[in-house]
Amino acid sequence: MRAIPPGRVAGYGEVARRAGLPGRARMVARLLSGNGDRDLPWHRVLRSDGRIAFPPDSPEFAEQSQRLRAEGVRVENGRVRGQAAAATLDEQVWGFGG
DNA sequence: AGTGTGACAATAA
DNA sequence: CTTATTGCCACAC
């Protein structure tokens, strides 16, 4: 998750794969929910469809959206435009899929 | 042992 | 392109 550079976003499933746990996307969510996530770029983690995982009326939603916008990420109606969680983090970080 | 829940994903319409 | 179903894993009751 820390490998995600500012201005980029990744999906829960991708992060799980990076951790060597394919199919454990929900586990990542569980972690962030319980963990103090204060030292993690949790705001760069989105759903696979580029949607923010929080409900639009939730304060967390506003925070994540704001943080993303602060990094230059285009957020519209709770959705990220331009890069909706690529298939692999390599493609996001390195730009050429490994 | 069975049922329900959650910061999800892949597929079908 | 977006919304709706189905499948998934780990945990709590």
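Here the structure is a predicted model, which is why all the values come from computation and not from measurement. Residue numbers begin at 1 in each chain, while the letters A, B, ... track the order of the sequences.
Residues satisfying the side chain to side chain donor-acceptor pair (under 3.5 Å) test with Arg74(A), not counting sequence neighbours, are Glu76(A). Applying the salt bridge (charged side-chain N to carboxylate O under 4.0 Å, His left out) rule to Glu71(A) yields the partners Arg44(A); only residues at least two apart in sequence or on another chain are considered. Every residue was checked against the side-chain contact (heavy atoms from CB on, under 4.5 Å) condition with Arg30(A), not counting sequence neighbours, and none meets it.
Taking the C1' atoms as reference points, dC13(C) lies 22 Å from dA7(B), given to the whole Å.
The main-chain N or O of Pro22(A) is found under 3.5 Å from a side-chain atom of Arg24(A) such that the two form a donor-acceptor pair. Between the side chain of Gln64(A) and the main chain of Val45(A), a donor-acceptor pair closer than 3.5 Å is present. A distance-only check finds no donor-acceptor pair linking the side chain of Arg18(A) to the backbone of Gly13(A) [under 3.5 Å].
For DNA chain C, no neighbouring residue in residues 59-72 of chain A is found when judged by any heavy atom under 4.0 Å.
Cluster partners of Leu31(A), using a side-chain heavy-atom cutoff of under 4.5 Å among ILVMFWY residues and allowing indirect links: none.
In this structure, Val73(A) is a member of the same hydrophobic cluster as Phe61(A), with clusters built from ILVMFWY side-chain heavy atoms closer than 4.5 Å.
Glu63(A) CD: more than 12 foreign heavy atoms inside a 6.0 Å radius.
Taking every nucleotide of DNA chain B with any atom under 4.0 Å from a non-hydrogen atom of chain A, the first and last of them, 5' to 3', are dG6(B) to dA10(B).
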Below 3.5 Å is the cut-off: list the nitrogen or oxygen pairs between protein and nucleotides 3-13 of chain C, distance only.
from   : atom 1 : to       : atom 2 : distance (Å)
dT3(C) : OP2    : Arg79(A) : NH2    : 2.8

Which atom pairs, one a donor and one an acceptor, fall under 3.5 Å between side chains of residues 50-60 of chain A and the rest of the protein, sequence neighbours left out?
none

